Every structure is written in structure tokens, then in C-alpha cells.
Amino acid sequence: ILSWNDSPPSFLEDDDEAIAQHLQQDFPSFGAPALESVAQLRQQRPSKATTVRANRYHDLEGRALLLGDAAHSTGGTLGQGANSALTDAVV
């Protein structure tokens, strides 16, 4: 679960059946989740996402420049899903 604030999504306060219906509606290609999976989902703590904005990507003298992943602050796990998907596509 990824959250932009300190609290989990409000739908996780519902009962397991309602959460399963919510997930099935929002992600129809996955089908209905098992109630055991919903119970595990409710027990997880949300990860907090934050945004850090830099005011420049080079030093004042122009001797250093930030490129690629160095130019933004992103935790390593945020790209993990995309990397796994690409690996699965290759395999």
C-alpha cells in the first residue's frame, strides 16, 4: 500500500467483503481477491511516498551535473514493480 499521507486509504476501514468488492471494481483484470489476501492487506502498514524538489541540477560553476536517477530522490522500491515486469517480459 502506498500512501501520500500518514494514513492508509479509507476503504481499508470497511469489512473484508467490501474491500474485496472495491479491489475487484478498481482492478477488474485481477479478478476477485481471496478474503485471506484481503485480511493480509489490512494488516500491512502503508508506505509513505514523498516528493523532494531540487531547485537546480548543476553547481554554480557548471562543473557538476545530476542526470538520471541522481536527479531525483526515489527510493529503490518504487521502481521495483516496473523492473520486475520488464524482467518477466524478457524471460
Side-chain angles (χ1 to χ4, degrees):
I1 302 171
L2 183 62
S3 178
W4 290 98
N5 57 37
D6 290 326
S7 58
S10 60
F11 75 87
L12 290 178
E13 297 172 6
D14 296 337
D15 62 34
D16 289 355
E17 292 279 343
I19 293 171
Q21 289 175 357
H22 180 83
L23 293 173
Q24 184 175 12
Q25 180 181 359
D26 284 358
F27 307 101
S29 61
F30 290 117
L35 292 181
E36 180 180 326
S37 298
V38 173
Q40 291 175 2
L41 177 68
R42 292 177 75 153
Q43 292 175 4
Q44 291 182 0
R45 291 183 332 184
S47 298
K48 183 168 182 189
T50 58
T51 301
V52 176
R53 301 197 188 282
N55 58 2
R56 64 176 180 246
Y57 295 98
H58 57 84
D59 69 340
L60 293 176
E61 290 80 29
R63 295 176 298 180
L65 177 67
L66 296 177
L67 297 172
D69 288 343
H72 56 86
S73 64
T74 302
T77 59
L78 289 179
Q80 184 176 358
N83 291 333
S84 296
L86 292 171
T87 300
D88 290 345
V90 171
V91 174

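Keep in mind the model is a prediction, meaning the values are calculated, not measured.
- Taken to the nearest 0.5 Å, the CG atom of Leu35 stands 12.0 Å off from the CG atom of Leu41.
- With rounding to the nearest 0.5 Å, the separation of CG in Leu12 from NE2 in His22 is 8.0 Å.
- Listed by chain and number, the residues in a ring-ring contact (aromatic ring centres under 6.0 Å, His included) with Phe27 amount to none (sequence neighbours excluded).
- The two atoms that bring Ala20 and Pro33 nearest to each other are O-CD, 3.7 Å, heavy atoms only.
- A distance of 12.0 Å separates CG in Asp26 from CD in Gln21, rounded to the nearest 0.5 Å.
- At distances below 3.5 Å, not a single donor-acceptor pair connects side-chain atoms of Arg42 with backbone N or O atoms of Ile19.
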